[in-house]
Amino acid sequence: MSFEDQSLLVPLFGEFDANLVQVENRLGVFISARGDQLQIEGPQDSVARARDTLQAMYDRLAKGQDLDSGAIESLIAMSNEPTLEGIISGEDDGPPVMIRTRRKTIVPRSAGQIPYMRQLAKDDIIFALGPAGTGKTYLAVAQAVSQLISGSVQRLILSRPAVEAGEKLGFLPGDMKDKVDPYLRPLYDALFDCMPPEQVERRLASGEIEIAPIAFMRGRTLADSFIILDEAQNTTREQMKMFLTRFGQNSRMVICGDPKQVDIPGGDRMSGLADAVGRLENVEGIAVSRFTSADVVRHPIGGRIVEAYEGTGE
């Protein structure tokens with residue numbers, strides 16, 4: 001295969017051809033580079049996947065997007081899908097699947113993220129279920145930031161239960177914000193990745209962005225808002241019902257969690273997330289996305305860790 005824009009070959013191949021080596025090692029092929037041409041040798045299916053992956057890598061660079069090892073790993077994983085480029089570009093059924101924020105344009109990095117990103121753009125309430133590292137919360141925050149910037153919603157509300165994950169941290173010092181911020185740090189991280197820090201701070205100060213424990217939601221009606229509940233598996237049934245009934249006019253709500261990582265104190269209380277999905281999955285206007293270890297888009301070993309633990313049944 002050959003590439004038209006030779007200026008992209010250096011970032012495509014990577015330093016000391018590291019990107020090509022990554023594709024070789026993951027797909028079991030041999031790639032030789034001669035000028036602007038690549039020759040791929042190996043089993044027919046693997047060669048086809050390598051070709052699709054390299055073309056997707058080149059197209060990503062041509063669009064001005066970054067190409068790091070994580071992005072390459074995701075493209076390799078997605079090359080197992082029959083229409084890799086079609087589902088990224090949306091040529092088969094609608095506009096491109098992407099989220100634009102002030103700092104970056106976000107495209108799917110796993111097969112499971114494609115329907116999820118479409119749900120984020122059109123459904124009122126979305127349940128996102130699956131292991132850590134699949135992009136459930138990150139993509140929800142990115143979509144929320146995009147809609148806040150465009151004026152589609154007036155507020156962004158991020159929440160999660162303040163539940164200790166198997167540790168007794170004792171009494172934390174400081175005021176209420178100081179006490180709950182450690183539990184909400186992943187939400188801050190996603191925000192800062194999608195918006196310049198000064199804008200995040202300004203919108204937090206003005207109340208356009210609100211980050212609070214789920215207990216602070218009681219008694220409110222959340223209209224004109226994009227609402228995200230993270231770590232929802234750690235809510236009780238009562239908390240989940242309370243949270244869902246906060247839904248107001250012109251709002252969108254995303255509930256993210258991993259049903260297999262429940263840390264509710266006592267151990268014998270049913271997760272509000274599992275209960276809500278069981279009751280609401282077939283209700284009109286409510287969508288459910290389920291992710292698996294194949295959708296983990298952090299380091300590839302993360303997916304293998306998830307598979308190992310799921311295989312034990314624990």
Side-chain angles (χ1 to χ4, degrees), residues 1-24 26-27 31 33 35-38 40 48-122 133-136 138-150 152 190-196 199 295-300:
M1 60 187 305
S2 59
F3 303 95
E4 182 177 347
D5 189 347
Q6 296 192 22
S7 67
L8 298 178
L9 295 183
V10 171
L12 176 67
F13 294 176
E15 187 174 3
F16 302 112
D17 292 343
N19 295 346
L20 300 184
V21 172
Q22 183 176 353
V23 176
E24 286 180 325
R26 286 285 283 108
L27 296 179
I31 303 173
D36 65 341
Q37 294 188 334
L38 292 178
I40 310 169
R49 288 187 64 187
R51 182 183 180 88
D52 286 347
T53 299
L54 290 163
Q55 186 62 53
M57 290 164 59
Y58 175 83
D59 292 343
R60 186 180 178 94
L61 290 169
K63 295 173 184 175
Q65 299 170 359
D66 294 334
L67 185 66
D68 56 21
S69 61
I72 295 171
E73 188 65 34
S74 299
L75 292 173
I76 292 171
M78 291 178 69
S79 69
N80 203 31
E81 297 297 311
T83 54
L84 171 65
E85 185 58 26
I87 53 182
I88 293 178
S89 67
E91 292 171 359
D92 53 345
D93 57 351
V97 181
M98 64 177 62
I99 300 172
R100 297 186 185 276
T101 69
R102 287 283 169 83
R103 301 195 70 173
K104 59 175 65 177
T105 297
I106 299 165
V107 298
R109 294 183 63 174
S110 77
Q113 288 186 357
I114 297 157
Y116 180 51
M117 290 176 69
R118 288 179 172 146
Q119 290 170 350
L120 288 172
K122 65 182 178 67
T134 51
K136 305 182 301 294
Y138 183 87
L139 291 175
V141 171
Q143 180 67 30
V145 167
S146 177
Q147 291 198 211
L148 183 65
I149 292 171
S150 69
S152 300
L191 271 178
F192 285 124
D193 205 33
C194 296
M195 295 180 72
Q199 286 198 24
D295 296 303
V296 174
V297 292
R298 294 176 182 169
H299 193 285

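The nearest pair of heavy atoms linking Glu4 to Tyr58 is N-OH, 3.6 Å. Pairing each heavy atom of Gln147 with each of Leu120, the nearest pair is OE1-O, 4.1 Å. The minimum heavy-atom distance between Ala50 and Val23, with the atom names listed, is CB-CG1, 4.1 Å.
Taking CG of Asp17 as the start and CD of Glu24 as the end, the distance is 8.5 Å to the nearest 0.5 Å. Atom-to-atom distance recorded for Leu139:CG and Ser146:OG is 12.0 Å, nearest 0.5 angstrom. With rounding to the nearest 0.5 angstrom, the CG atom of Leu38 is 6.0 Å from the CG atom of Leu20. Between Gln199 atom CD and Ile149 atom CD1 the span is 6.5 Å, to the nearest 0.5 Å. In this structure, CD1 in Ile40 is found 5.5 Å from CD1 in Ile31, a value given to the nearest 0.5 Å.
Looking at Thr53, its side chain does come within 3.5 Å of a backbone N or O of Arg49 through a donor-acceptor pair.
Not counting sequence neighbours, the partners of Ser69 by the side-chain contact (heavy atoms from CB on, under 4.5 Å) test are Gln22. In this structure Gln119 satisfies the side chain to side chain donor-acceptor pair (under 3.5 Å) test together with Ser289, sequence neighbours excluded.
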query = Given Met1 and Gln37, is the side-chain contact (heavy atoms from CB on, under 4.5 Å) satisfied, shown in steps?
reply = CA-CA 6 Å; Met1 60 187 305; Gln37 294 188 334; over 6 Å; no

Could you list the donor-acceptor pairs under 3.5 angstrom formed by side chains in residues 6-16, with sequence neighbours left out?
unit_1	atom_1	unit_2	atom_2	d
Ser7	OG	Asp5	OD1	2.5
Ser7	OG	Asp5	OD2	3.3

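Side-chain contact check for Tyr116 versus Thr134: every heavy-atom pair is 4.5 Å or farther apart.
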